[in-house]
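Below is one structure, written out as structure tokens; comments come after it.
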Amino acid sequence: MSSRKSTGNLQISSHKIKDLAYEPLGMPTERVIRLNAQYTQNNPEYSDRKEIIRHLITPAELLIKTRKPARSPFAKPEHHGQADIYAYSRQRMVKEQLIARGINDENVLRAMAAVPRHLFVNEALYPTAYEDRPLPIACGQTISQPYTVALMCQMLMAEKGMKILEIGTGSGYQAAVLREMGLKVFSVERIKELYTHTKEFLTAKLGYHDMQLFLSDGTLGLELFAPYDRIIVAAGGPAIPEALKNQLADNGIMLIPVGKEKMSQNLIRVFKLGGSCRKENLGATTFVDLIGKQGW
């Protein structure tokens, strides 16, 4: 089904195809239609795995959104009309938990100081949001402790403008930090309830219209937009999924917890060069399980 709108002398078409969603920010409509057709082929590989793109944006909306450069929704000291009473807590978190423990990437520190972690957890947990410990979120998942998020972001050695694939959107906190670092974020979540809630929160409430969120099996990556300069995995599996290795760009870096036992892993940094991967063990860590075809 398609519809046509008129804006002055500009003729604008928007397209919707039942049960597929569909146009990531800036993607030409014609390409979306081709990709939708590809994913509806009578092919078992596709039937179990339809990436659902978080945002249907028409060319008219794109024209409006691209008139202004992307900016941080946290640039002002107020959030949703209320004073940011946790600004001091964030600054203290950065100083005492991050800088004091060796986090020195200025881009990471700036992003961690900007993103209000308390908004990503239940309101009852606001007073503990800036303590250095993981906190529970919906669906039995957790939001990682601030130091772990900062360490992983620093170990990525990322530069502004790079394209990053995040496996395990969760609450969206790490995705927000990556976005504040100036990265182009593609994030995959496997739990539908969590995906739906986080998508609504990041877009409608925080105004992140330049991030791409997907509902899919994260162990299979997101081949649709590969390769990625960086890949970060927020769950631990028994081995590094081959799909993620293949989707990592040459000269790319991937961070992933790996362990033969559940809830007990080592953080592995993967460097890809000339089609081959070199692994570096960064030490013991604990993450939720990486569940999927190439995980547990």
Side-chain angles (χ1 to χ4, degrees), residues 14-27 29 32 35-36 39 48-58 60-62 64-66 70-74 79-80 111 114-123 125 129 135-144 149 163-181 183-226 228 231-235 288 290-292:
S14 63
H15 296 260
K16 294 182 181 179
I17 302 176
K18 185 178 180 181
D19 297 329
L20 290 173
Y22 321 95
E23 192 163 339
L25 186 62
M27 178 180 282
T29 299
V32 174
L35 290 173
N36 284 338
Y39 275 84
D48 294 333
R49 179 172 176 256
K50 292 180 182 177
E51 279 83 4
I52 302 186
I53 300 170
R54 62 105 181 132
H55 190 56
L56 173 62
I57 181 167
T58 67
E61 293 173 317
L62 179 60
I64 294 171
K65 290 182 183 300
T66 53
R71 61 182 296 277
S72 168
F74 313 126
H79 305 282
H80 314 299
V115 179
R117 187 172 186 254
H118 64 280
L119 295 181
F120 293 81
V121 298
N122 188 284
E123 189 172 357
L125 297 175
L135 293 172
I137 58 174
C139 305
Q141 303 300 296
T142 61
I143 178 173
S144 297
V149 173
K163 184 167 66 171
I164 184 167
L165 173 64
E166 179 194 40
I167 304 302
T169 311
S171 68
Y173 175 67
Q174 183 172 259
V177 171
L178 294 169
R179 191 269 189 188
E180 288 297 312
M181 290 171 58
L183 305 182
K184 299 175 182 177
V185 180
F186 294 75
S187 187
V188 179
E189 175 56 51
R190 70 176 182 85
I191 303 174
K192 186 175 182 180
E193 179 184 346
L194 199 54
Y195 160 80
T196 302
H197 170 79
T198 301
K199 177 183 70 171
E200 173 70 15
F201 175 69
L202 289 176
T203 56
K205 294 187 178 180
L206 294 187
Y208 278 137
H209 294 288
D210 55 350
M211 292 170 57
Q212 309 299 335
L213 305 185
F214 301 79
L215 177 66
S216 188
D217 179 352
T219 67
L220 301 179
L222 191 63
E223 188 178 1
L224 201 59
F225 299 101
Y228 302 94
I231 297 177
I232 187 169
V233 184
V288 296
L290 179 63
I291 298 175

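Keep in mind that the numbers below use all heavy atoms, side chains included, and drop hydrogens, waters and symmetry copies. On a predicted model such as this, the values are computed, not experimentally measured, just so you know.
Nearest heavy atom pair, residue Tyr208 against residue Arg179, reads CE2-CD, 3.2 Å. Across all their heavy atoms, Ala226 and Lys163 have their closest contact at C-NZ, 4.5 Å. When all heavy atoms of Gly221 and Ile167 are compared, the pair lying nearest together is CA-CD1, 4.3 Å. Nearest heavy-atom pair across Leu119 and Phe201 is O-CZ, 3.3 Å. Smallest separation of non-hydrogen atoms from Ser171 and Ile143: OG-CD1, 3.7 Å. Between Ile164 and Ile232, the shortest heavy-atom contact is CD1-CG2, 3.9 Å.
Within the model, atoms CG of Leu135 and CG of Asn122 stand 10.5 Å from one another, a figure rounded to the nearest 0.5 Å. Taken to the nearest 0.5 Å, the CD1 atom of Ile137 stands 6.5 Å off from the OG1 atom of Thr142. The structure places OH of Tyr228 at 14.0 Å from CG of Leu183, a figure rounded to the nearest 0.5 Å. Annotation: the span from Phe120 atom CZ to Leu202 atom CG amounts to 6.0 Å, rounded to 0.5 Å. Put simply, CG on Leu215 and OG1 on Thr198 are 11.0 Å apart, with the number rounded to the nearest 0.5 Å. Distance check: Lys199 NZ to Leu213 CG gives 8.5 Å after rounding to the nearest 0.5 Å.
Applying the side chain to side chain donor-acceptor pair (under 3.5 Å) rule to Glu166 yields the partners Gln174, Ser187; only residues at least two apart in sequence or on another chain are considered. Annotation: side chain to side chain contact (heavy atoms under 4.5 Å, CB included) contacts of Ser144 (sequence neighbours excluded): Thr148, Val149, Phe287.
In this structure, Phe225 and Leu165 have side chains that are not in contact, with every pair of non-hydrogen atoms separated by 4.5 Å or more. No side-chain heavy atom of Thr169 sits under 4.5 Å from any side-chain heavy atom of Leu194.
Annotation: Lys184, atom NZ; neighbour count of heavy atoms from other residues, nucleotides and ligands within 6.0 Å does not exceed 12.
Proximity of a side-chain donor or acceptor of Gln141 to a complementary backbone N or O of Gly170 within less than 3.5 Å is not detected.
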